[in-house]
Amino acid sequence: MWWQKYMAASLQDMPVQYPTPMCGLLIPFLLILIQVSSCTVTVTGYIGQDVTLPCSYDVQANGVLSFCWGHGQVPRSKCSNTILLSDNGNVTFRESPRYQLLSQVMQGDVSLTIVKAQKIDSGVYGCRVEIPGWFNDQKINVHLTMEEAPMEELDIQSSTDCDTVTVSKGRKVLMGRTTPQKLNTITAENIYETIPMTK
């Protein structure tokens, strides 16, 4: 038929187009897909005290899984500068006894506790839970900041109507004015000593 010859001739003259715009969209989509399962958490710890870096997953949906903790952000695979490694709930590598799993590992809480943390422990830590399948791993980056432990202080202030005694972490005890030279005594909450005050 005449139209078949016409179509065949038209198709020969047409350039072949490859789906390059689709490939251009596919790469950013894959990069987004890889990053979807990661997040960043900030934790502040106190020097000389234990600090816990959070990481958990749904053990009911996935079962007990392998995971790792590393110093530095979680890379594309495994953990960078691995400090703790676990295979199905059993710790197979621990860089230091200061790195402990004091949480319910078999229930999916794989939070890392640094015992008696120091200033040098500041930085970024990464937790990777190896969930089966492509690009399924759960990645959590924890930014740890270490500070001096706050000191409990006793701050005595006066006002016009009453005396205010500020005790430990902002709790206030109010006491009415008395005649001069009379000794008042109060017992502050969570303090096991008596605080004498003179007027």
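Just so you know, residue 1 is the first one in the sequence shown, and it goes up from there. Since this is a predicted model, take the numbers as computed values, not measurements.
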Atom [atom1] of [X] and atom [atom2] of [Y]: how far apart are they, to the nearest 0.5 Å?
X: I83; Y: L112; atom1: CD1; atom2: CG; answer: 5.0 Å
X: T44; Y: H143; atom1: OG1; atom2: NE2; answer: 9.5 Å
X: S122; Y: L144; atom1: OG; atom2: CG; answer: 5.5 Å
X: K119; Y: T145; atom1: NZ; atom2: OG1; answer: 8.0 Å

For this session: Assess the cysteine pair C68 / C127: is their SG-SG separation shorter than 2.5 Å?
Result: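 Disulfide absent: SG-SG distance not under 2.5 Å.
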Please report the closest heavy-atom contact between [X] and [Y], naming both atoms and the distance.
X: S80; Y: P75; result: N-CD, 3.6 Å
X: I131; Y: L65; result: CG1-CD1, 3.7 Å
X: G126; Y: C79; result: O-SG, 4.1 Å
X: Y99; Y: R94; result: O-NH1, 2.6 Å
X: M146; Y: Q118; result: CG-O, 3.3 Å

Exercise. Run the side chain to side chain contact (heavy atoms under 4.5 Å, CB included) check on D137 and V129 step by step: do they pass?
Worked result: CA-CA 6 Å; D137 287 0; V129 179; over 6 Å; no
Exercise. Given the rule in the side chain to side chain contact (heavy atoms under 4.5 Å, CB included) test, do Y46 and E147 qualify, once you have shown the distances and angles that lead to the verdict?
Worked result: CA-CA 5 Å; Y46 297 115; E147 296 179 354; 4.1 Å; yes
Using distance only, find each side-chain donor-acceptor pair of residues 49-56 under 3.5 Å and give its atom names and separation, not counting sequence neighbours.
| from | atom 1 | to | atom 2 | distance (Å) |
| --- | --- | --- | --- | --- |
| D50 | OD1 | K116 | N | 2.9 |
| T52 | OG1 | T113 | OG1 | 3.1 |

Exercise. Yes or no on side chain to side chain contact (heavy atoms under 4.5 Å, CB included) for T82 and E95, after CA distance, side-chain angles and deciding distance?
Worked result: CA-CA 8 Å; T82 303; E95 183 181 88; over 6 Å; no
Donor-acceptor check, side chain of [X] to backbone of [Y], threshold 3.5 angstrom: yes or no?
X: N141; Y: Q73; value: no
X: W69; Y: R128; value: no
X: N62; Y: D58; value: yes
X: D109; Y: V105; value: no

Exercise. Does the side chain of D87 come under 3.5 Å of the side chain of S66 through a donor N or O and an acceptor N or O?
Worked result: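 Yes, side-chain donor-acceptor contact under 3.5 Å.
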Exercise. Does the pair K78/E130 count as a salt bridge with the N-to-O cut at 4.0 Å?
Worked result: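 Judged by the 4.0 Å cut-off on N to carboxylate O distance, K78 and E130 do form a salt bridge.
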Look at the side-chain heavy atoms of Ile, Leu, Val, Met, Phe, Trp and Tyr, link any pair under 4.5 Å apart, and say whether [X] and [Y] land in one connected group.
X: V74; Y: V142; answer: no
X: L102; Y: I140; answer: no
X: V43; Y: L84; answer: yes
X: M106; Y: Y57; answer: yes

Exercise. Passes side chain to side chain contact (heavy atoms under 4.5 Å, CB included), L101 versus F67? Steps please.
Worked result: CA-CA 12 Å; L101 300 173; F67 63 92; 3.6 Å; yes
